[in-house]
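Each remark here refers to the structure printed beneath this line.
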Amino acid sequence: MSSAAPLPRAKRDVHVEILRLCAIVGIAIFHTFQPWFNSIAYGVSSDARTETLECSTFALFLLGCISLLGAMGNSVFYMISGYFLLPRMARDSDQSGYWSRQLKVTLRRAAVIAVSVALYAIIGLVLHRLFGISSASMHNWHWAVDGLEFIWLYLIFIVVAPVIGWIQRRLLTWPDLVILLLITVMGFNTYIAFWDQGDFQRGLFDWRKLMSGLTYFVAFLLGGVIAQQWEILRGQAKLIRFGVVFLSILAELVCALCMDRRLIGSLSYKSTSLLSLLLAAATVIFTFSQRDVAAHVTATAPAKTTRWSAGTIVRSLASGILGFYILQSLFADEWHRLTIWTLNAIMAMAPVPSQSVPNGAFLLNQAVPSGTWTSSPLGVIMLFFLTGIVMSVVFAGVILALDLLIRRPILVALHLVR
């Protein structure tokens, strides 16, 4: 069997926790700009003002890149889980009492999810009843099923993880089978994204919806394979990251230069994006390679830490990733109302481009006929993106801080986490 990555240390590694935080921020940014991207790329009806953005190569390029962050962030979360859980379970499966131990651990993990969902569902229902905010409602349970699908997928994955770990330990061809599954799933995803997107709002049991869940399952399995094949992948981490990032930027740039909004939408259609999955894998591999380098340096010269060190803060905030997913889903409508109102006000500062101006002319600050613009559309677009990104970071930070204050003490009191 190929050499696997070392088991994680008792203290969460700061490099991995930084990656979790980056995934959270990426998802927050993705959701903030989602109304504009969905309207431009898929024709989804929205209150978001898009007339200036859809005529700008620069804006289309940025929106395309941002749209990759959603599925990428989710895949990163699943890959990290698979990276740590599956190799550890595979090793433990050689010891007697494996299934009873895993049953206890799995029940504890499931209890963390159940308590987290129940806690925020109660808060959401109360706020909805008193103030009409949050999507939680006793009359429509869509928010608890489709709205929290990411959480339920994670629950399914951790339930089946002991079986996967047992198989991974005993099947020498396991990495090959996972890669074959990856190729097969992404083949179907490519067909969905480019030829059969169907209705944008899909039912829970629509086959395209099920493929989204299967894609994240592949990400989970791929995390375990990355750990299993770590000695082979570690030396190629920088090359892999550079290659995938370059490919993604090039693909989005070519589509933006061609002003092909449909193709930009297909490149990151929901969770079917091959680029998002590759970016997640490359980022995970690079992060763990940096962790190994840092671990070697620390071993030779241990660093002193304080109670309020940057690492401690990062670990504390990153532990709220589960709470972030739940709260972000419950209050997505309120967040979008705020961002649409704010960012539309910025978009109103830019005039509608004249018919005589070539598409994307302001990307390179090319000269335009006198009087065509009353202000710089490029400046407005840059302000639009900067404001949205800052708002997203603040939104994610507030949620993580609230989760640290609300959910974590309850989990500690119930002895579900330390």
Side-chain angles (χ1 to χ4, degrees), residues 5-30 69-70 72-88 108-109 112-113 116 150-151 154 157-158 161 216 219-220 222-224 226-227 230 233-234 237 241 279-299 302-328 392-409 411-412 416-418:
L7 292 176
R9 294 180 288 278
K11 181 182 288 188
R12 289 179 177 270
D13 187 275
V14 68
H15 292 82
V16 180
E17 300 313 295
I18 289 174
L19 178 57
R20 290 186 205 268
L21 282 181
C22 289
I24 290 172
V25 171
I27 293 168
I29 294 172
F30 160 78
L69 296 178
M72 175 188 169
N74 292 339
S75 294
V76 164
F77 174 78
Y78 288 129
M79 283 184 190
I80 292 175
S81 298
Y83 184 97
F84 284 124
L85 289 180
L86 298 181
R88 183 166 51 195
R108 181 183 62 78
R109 293 191 179 111
V112 169
I113 296 175
S116 301
F150 176 89
I151 305 299
Y154 180 58
F157 296 169
I158 64 172
Y216 288 136
F220 181 72
L222 195 58
I226 289 173
W230 184 240
L233 294 171
R234 178 168 52 187
R241 186 188 66 158
L279 282 169
T283 304
V284 167
I285 292 171
F286 180 77
T287 299
F288 279 98
S289 70
Q290 296 302 108
R291 182 196 68 158
D292 287 357
V293 172
H296 175 73
V297 173
T298 303
K304 295 182 179 180
T305 58
T306 62
R307 181 180 179 183
W308 297 107
S309 66
T312 301
I313 295 173
V314 167
R315 293 185 187 97
S316 298
L317 290 177
S319 67
I321 189 168
L322 187 66
F324 168 80
Y325 274 107
I326 300 172
L327 286 173
Q328 184 276 326
S392 303
V393 173
V394 172
F395 176 62
V398 169
I399 286 184
L400 293 176
L402 288 174
D403 183 76
L404 195 61
L405 295 173
I406 297 173
R407 183 176 67 102
R408 186 165 182 80
L411 295 178
V412 171
L416 293 176
V417 299
R418 289 184 241 177

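What you see below is based on every heavy atom in this structure, not just the backbone, and it leaves out hydrogens, waters and symmetry mates. Owing to the predicted nature of the structure, the values given are computational and were not obtained by experimental measurement.
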Worksheet item: Given Ile158 and Ile113, is the side-chain contact (heavy atoms from CB on, under 4.5 Å) satisfied, shown in steps?
Response: CA-CA 11 Å; Ile158 64 172; Ile113 296 175; 3.7 Å; yes

Response to the item:
Residues passing the salt bridge (Lys or Arg N to Asp or Glu O under 4.0 Å) test with Arg241, sequence neighbours excluded, are none

Side-chain donor-acceptor contacts of residues 18-26 below 3.5 Å, not counting sequence neighbours, with atom names and distances?
unit_1: Arg20; atom_1: NE; unit_2: Glu17; atom_2: OE1; d: 3.4
unit_1: Arg20; atom_1: NE; unit_2: Glu17; atom_2: OE2; d: 3.1

Kindly compute the distance separating [atom1] ([X]) from [atom2] ([Y]), expressed to the nearest 0.5 Å.
X      : Y      : atom1 : atom2 : result
Phe288 : Ile226 : CZ    : CD1   : 8.5 Å
Ile80  : Thr283 : CD1   : OG1   : 9.5 Å
Ile27  : Met72  : CD1   : CE    : 10.0 Å
Ile29  : Leu69  : CD1   : CG    : 6.5 Å

Side-chain donor-acceptor pairs under 3.5 Å in residues 318-327, sequence neighbours left out?
unit_1: Ser319; atom_1: OG; unit_2: Ser316; atom_2: O; d: 2.5
unit_1: Tyr325; atom_1: OH; unit_2: Asn74; atom_2: OD1; d: 2.7

Heavy-atom closest pair, residues [X] and [Y]:
X      : Y      : answer
Phe220 : Ala161 : CZ-CB, 4.0 Å
Val16  : Arg291 : CG2-CD, 4.2 Å
Pro87  : Gly224 : CG-O, 4.3 Å
Ala281 : Leu222 : CB-CD2, 4.3 Å

Worksheet entry | For Phe30, ring-ring contact (aromatic ring centres under 6.0 Å, His included) partners two or more places apart | none

Worksheet entry | Test ring-ring contact (aromatic ring centres under 6.0 Å, His included) applied to Tyr78 - qualifying residues, sequence neighbours left out | Phe150, Phe157, Tyr216

Worksheet item: Which pairs with one or both residues in residues 393-404 pass salt bridge (charged side-chain N to carboxylate O under 4.0 Å, His left out), sequence neighbours excluded?
Response: Asp403-Arg407

